[in-house]
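Inspection log for the structure reproduced underneath, given as structure tokens.
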Amino acid sequence: MAVYQLAQEALAGEFAARWAEALAAVEAREVAGSLSELEAAYAAAVRESAAASYALSVAFYRLVRALETGRVIGGPGYRPGASLGSLWSDFNTLTGTRTGSGPRTPLPVDVRNPFPAADLEREAKRAAEAFRHQVGDRVERHERERAGRGSSALDDAELIAWEKEFLESLKTGGSGAGGMLVQDAGRDAIHSALQDDPGAIGYYRKTDASPCYFCALMAGRGAIYKSKRTAAFGAHPYCHCQAVPIFSRRYQLPAANDRFSRMWRDFGGGSLADWRTYYSKTTKT
Ligand SMILES: [Zn+2]
């Protein structure tokens with residue numbers, strides 16, 4: 001369901017816009033003095049968009065599960081008397097599009113809640129780490145360089161370009177890392193729910209329109225059936241891949257996943273670096 005993947009991507013985009021807005025409010029020379037305000041804005045934006053990502057993933061999981069098994073699962077957002085109609089309308093509300101609808105007949109319920117509660121403490125810690133790496137460390141380096149250059153080392157145009165590049169790096173680095181955290185809230189909810197839901201058999205990776213070589217490789221592997229130790233999902237900054245749960249062997253992979261499998265077969269084997277080269281050559285044409 002492309003709508004789900006795009007809606008998650010949009011949440012990362014909303015986060016990036018908020019971060020850009022917070023940065024735009026300060027001059028390059030004021031950044032070091034505004035770090036704690038910037039960090040608070042960063043953390044709040046991650047928290048809010050991550051909560052939206054989590055809620056969207058739960059609604060998506062519940063809907064896909066009901067469509068495939070005819071049963072509703074409990075957990076956050078569950079309402080008694082849930083039907084395909086109500087699950088579609090929950091999903092439509094969260095994605096802001098009218099993707100589907102269904103009958104209002106209440107479905108049988110599995111009361112179990114497989115969704116882990118959002119781990120806000122861990123999330124806040126990850127956001128603080130991301131901020132330190134992508135913003136704090138960069139600012140420190142930049143201030144050191146500025147002090148080292150002295151005041152007359154650069155003419156105006158060079159100085160302006162240098163400061164602009166600095167701000168740009170804070171924007172790009174911060175939004176890549178934060179966007180990953182935002183989407184991880186939803187990805188983790190689905191990945192964990194699978195393990196704890198006897199009705200789920202696994203998941204596949206739904207990529208965005210132009211995934212990197214690594215994600216294409218993962219998507220090309222097809223369905224990942226769950227086992228006692230299903231490996232972590234494995235996303236990265238600027239990755240908009242999502243885990244789509246499957247509940248029966250009758251699932252249908254997206255056309256892109258089949259295309260990546262064929263590409264992998266045609267590649268014929270080799271190192272990850274070889275695959276990377278092959279993939280970028282093949283997808284460029
Ligand atoms: Zn990806």
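When a ligand or atom number is given, it counts from 1 through the structure's own listing order.
Here the side chain of Gln183 pairs a donor or acceptor atom with the backbone of Cys239 at under 3.5 angstrom. Formation of a donor-acceptor pair under 3.5 Å by the Arg62 side chain with backbone atoms of Gly74 is found in this model.
Between Trp19 and Phe131, the ring planes are perpendicular. Angles over 60° get that label, and only those under 30° would be called parallel. Classification of the Tyr278-Phe267 ring pair by plane angle, with boundaries at 30° and 60°, yields tilted.
With respect to the salt-bridge test (charged N to carboxylate O, under 4.0 angstrom), the residues Arg126 and Glu129 do not qualify. Ion pairing between a basic and an acidic side chain is recognised when a charged N comes within 4.0 Å of a carboxylate O; Glu39 and Arg132 show no such pairing.
Around the Zn ion (ligand 1), the protein atoms of type N, O or S that sit closer than 2.8 Å are Cys215 SG, Cys239 SG, Cys241 SG.
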